[in-house]
Amino acid sequence: MRITMKDRKEYNHMYISRSKRYKNGHKRGQITIIIILGILLLFSTFIIFYIKYYTQKDSIEDAHTKSDAESEDEALILYVETCLYDTAKEGLKVIGFSGGYYNASKYGLYSKPGNPTESDILKFSDNNPIGVAYWWHFKSSNSCTTDCSCGSNKPALYKSQGDPSVENELKQYIEGNIGSCLSTFSEIKQFGFDVETKGNPDVTTYVNDDGVKVSMDYTIILLRGSEKYIYDKYETTLNVKLREIFDLATEVIDLEQEFTFFERFMINLLAVYSMPGPRADRLPPMSAQTIDVRTPVFWKLSDVRDRIEDALVSNVPLFQGDTTRNYLLRIYPDNNIRTGLYNMPTIYLEENYTNLDMKFRYLDWWPIYLQIKGRGAKGEIIMPDISTTPFPWMMFQRYNYYYDISTPILMEIYDPDAFKGEGYRFYVALESNIRRNKPMNCTGPGIREHATDFGPMICKEIHRNSGPINISFNNIYTNESIENVILSYSCGVNSCFLGVLDSVDDGESVTIKLPSSCVGGFLSAQADGYMSDQVPLNTFYNVSGEAKLDFMKKQKINVTIKQKAQVRTSNNWSFSNSAQWLLKNEVAVVHLTRISDQENPYTVSMYYEGDQTEPEVVELYPGKYKMEINQIYQLPTPYGQESINIPAIDDCVGGDLFTDCQEIHIDGMQINNSFISGGVIFDSPFDNVSNYYIEITPDDLYNSQEMIIYSFGYFGQEIVNDKLTYDDLGLINMNSEFSKRYGHLLRPEFINKTSYY
């Protein structure tokens, strides 16, 4: 029997495991490697042909030793089903190497030479026919900013789910290629048979839990003298965990879409590879500044691209799935930071895949898309934004850059038990996309950057493998027991609920285990009527630690507002430090926002009317607060003032001994609507200006009966007396300026409980 074998793509795994540089046709060693691969391919093809030919031939001859019809059945069925198995096996390999396709071009999927991140499929190289379909990528042009979209070329697994499907792609491959295996039926004819066929092979494929089942309807008639045998049904099963492979690949892609873990890891790489500061041999920093006499550091965009690609080659393979067969917890006993960083690229899977290996690759001859924006970044040259200082030999250099990066990534899933221990590989391509230093979510029109909650990915009990962490509790200023304390731990965008403590006394502590290998994590707690700020806490595998949570009790306090208004002296205004009530027709809106690292800081708002002398009762925590007051003069007033009348201007300007002045006239005007008549803004974190945050200390809050807040009034009683001029209107909407000028006289005052009456 002569069996014609097509050249297959066995060599592609060698491409995937390579890490030698090949870029733009100038990578060293490519020609040598291709020659070696060609020799290995020819040799392996010959060996496979030899083994396959003689194994099948011997089996047929053994079956033919029987003299009855049963032996003829066995011989032909064995012959056809061996071809069916071999062709299906080759088809699965082709589909595995291509991300689920036999003929991707049929569905309009193509690769753009030299531009993998704007392609539908990821080719191993421009000269290699193999291409892997993107299961998740940025479909639009890399430079797109509006009406952009992401997409997936992932095929369905089952034909019942629509076209394209893996089952149907395998069917098409077998039907199109099994003829080359069956050939001329020469091995059957040598036993004296004439062979006739009717119609074309009709193949049905099924993916199930046991593997891949293939059946074929194909009428074959054997004729020898008066003997006639008709055969039309054949089947075989391939032990490949294709359903499980597909489930694993799908879960990874779904998690990447939701949590953008490749992008977040990439951002960490940019930060790490730009340390310890602006240096020509590192990456441009996302944010840095210097004041010194050094020559400014500059970079070439092409060099930066090379460094990023080199970093991807060595770091993308660090990604792994926590429930896969080849998962490895990386531990460096003498370097906890390294342990945390090297375990960071772990994908926390919901299902178990202990029968499968999973690996990730970036090949450095795949060009990434890279744009760097920011002041000083102009085309190929990236320099800082430079400002002078009072000293001519010193320069203020700002290095603030925004990275736009698109990176191709190859995912390999390996079933070591497939094909009776020979193994089977399935590849999926995906893209990582960063815009302006943030993960990109291009769902819907335009591009929006986002940071979503990771939910329970690292929160499963199996991942709480730090050493014992001792957490103590401190109730600031009071010694009351705190009930129903909710503990949580955040690592980056991961947030884990740890449990509820029934009650906690001041000085009490608990010991728990947390998700490990988190650098930059935060521990926090919540309880009704109390607040606890987040506490920084790094965790490492099997390393113990401690943390202290300070609780602040929410306290009710009376808050009263008064104003310190300007008064007119001659034609000028001067500030009066005498506190007065608001005017009867004025209202004030007050916002207090507590300064905190938490995502939703504590905020209270108050509303006061001019004739209100009773305080508002609010609940506050100790801490620093932003405070903003807007004081509004309402028209018409309760006492009959319909408008503010600004008198006309008649004047003569210019002129001297030789020329006459020029007469001007500006009509008077009326203000009939309400307008801002005062307020304050305390929103600066720096103590070198007057409008810095207000601070409410525990002593102020828990020992005071009342807090008096002060607003700055622009005009005071002069508004009521209708004595404003055009010049006075320039004072409106200057809350921030007046807060800086008089902030030290406008800060809140606390009235102690013991001296209140």
Side-chain angles (χ1 to χ4, degrees), residues 6-13 15-16 86-113 115-139 150-178 180 203-207 211-212 214 238 240-254 256 358 361 363 366 408-415 418-419 424-431:
K6 281 192 173 183
D7 289 340
R8 304 302 182 192
K9 289 127 178 127
E10 303 282 355
Y11 57 89
N12 280 283
H13 179 59
Y15 274 82
I16 295 165
D86 291 341
T87 307
K89 176 181 175 182
E90 294 303 318
L92 282 173
K93 288 183 177 180
V94 170
I95 288 170
F97 277 120
S98 304
Y101 289 88
Y102 160 46
N103 183 9
S105 62
K106 174 184 175 181
Y107 303 97
L109 305 183
Y110 297 98
S111 174
K112 293 183 180 180
N115 200 347
T117 57
E118 288 200 351
S119 301
D120 303 306
I121 59 177
L122 174 62
K123 280 197 171 184
F124 289 92
S125 72
D126 286 343
N127 297 324
N128 193 317
I130 297 298
V132 183
Y134 277 108
W135 281 27
W136 182 246
H137 69 136
F138 188 29
K139 288 181 62 177
C150 284
S152 173
N153 299 322
K154 169 190 168 185
L157 179 60
Y158 308 109
K159 53 182 173 289
S160 60
Q161 297 171 324
D163 203 31
S165 69
V166 172
E167 284 184 341
N168 197 47
E169 292 293 288
L170 180 59
K171 165 187 169 69
Q172 292 180 37
Y173 181 91
I174 297 171
E175 290 177 347
N177 291 273
I178 195 169
S180 63
V203 174
T204 305
T205 56
Y206 307 90
V207 177
V212 179
V214 181
L238 299 91
V240 178
K241 301 180 183 71
L242 192 58
R243 176 182 291 176
E244 189 174 351
I245 289 171
F246 212 81
D247 288 346
L248 173 55
T250 300
E251 183 172 349
V252 171
I253 295 299
D254 289 347
E256 161 61 11
M358 181 171 66
R361 294 286 185 270
L363 305 182
W366 290 334
I409 295 174
L410 186 70
M411 172 169 57
E412 173 193 307
I413 300 175
Y414 179 63
D415 176 4
F419 303 140
Y424 175 72
R425 288 177 169 82
F426 191 94
Y427 296 100
V428 169
L430 59 103
E431 249 183 37

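These numbers come from a predicted model, not from an experiment. The residues of the chain are indexed from 1 along the displayed sequence.
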State, with a plain yes or no, whether a side-chain heavy atom of [X] is found less than 4.5 Å away from one of [Y].
X: Tyr101; Y: Gln172; answer: no
X: Val252; Y: Met411; answer: yes
X: Leu410; Y: Leu363; answer: no
X: Val428; Y: Ile413; answer: no
X: Asp254; Y: Glu251; answer: no
X: Glu90; Y: Asn177; answer: no
X: Thr250; Y: Trp135; answer: yes
X: Val132; Y: Phe124; answer: yes

How long is the span from the [atom1] atom in [X] to the [atom2] atom in [Y], to the nearest 0.5 Å?
X: Tyr110; Y: Lys123; atom1: OH; atom2: NZ; answer: 11.0 Å
X: Thr205; Y: Glu175; atom1: OG1; atom2: CD; answer: 9.0 Å
X: Tyr173; Y: Ile95; atom1: OH; atom2: CD1; answer: 9.0 Å
X: Leu157; Y: Asn168; atom1: CG; atom2: CG; answer: 12.0 Å
X: Thr87; Y: Ile178; atom1: OG1; atom2: CD1; answer: 4.5 Å
X: Leu92; Y: Phe419; atom1: CG; atom2: CZ; answer: 5.0 Å

Might you work through the side chain to side chain contact (heavy atoms under 4.5 Å, CB included) test for Ile253 and Lys154, ending with a clear yes or no? CA-CA 10 Å; Ile253 295 299; Lys154 169 190 168 185; 6.0 Å; no
Under 6.0 Å from the ring centre and within 45 degrees of the ring axis: does the NZ or CZ of Lys159 meet both conditions for the six-membered ring of Tyr206? yes
Apply side chain to side chain contact (heavy atoms under 4.5 Å, CB included) to residues Tyr102 and Leu170 and explain how you reach the verdict. CA-CA 7 Å; Tyr102 160 46; Leu170 180 59; over 6 Å; no
What pairs with Thr117 under side-chain hydrogen bond (donor to acceptor under 3.5 Å, both in side chains), at least two apart in sequence or on another chain? Asn142
What is the minimum heavy-atom distance between [X] and [Y], and which atoms define it?
X: Pro116; Y: Pro408; value: CG-CG, 4.2 Å
X: Ile174; Y: Ala88; value: CD1-CB, 3.7 Å
X: Gly99; Y: Pro155; value: O-CD, 3.6 Å

For Gly96, does its backbone N or O pair with a side-chain atom of Arg425 as donor and acceptor, under 3.5 Å? no
For Lys112, does its backbone N or O pair with a side-chain atom of Ser119 as donor and acceptor, under 3.5 Å? yes
Any idea how Tyr134 and His137 line up, ring-wise: parallel (<30°), tilted (30 to 60°), or perpendicular (>60°)? parallel
Side chain to side chain contact (heavy atoms under 4.5 Å, CB included) evaluation trace for Asn153 with Tyr107: CA-CA 9 Å; Asn153 299 322; Tyr107 303 97; over 6 Å; no
Please report the C-alpha distance between Leu122 and Tyr427 in whole Å, then the side-chain angles of each, then the deciding distance to 0.1 Å, and finally whether the side chain to side chain contact (heavy atoms under 4.5 Å, CB included) criterion is met. CA-CA 10 Å; Leu122 174 62; Tyr427 296 100; over 6 Å; no
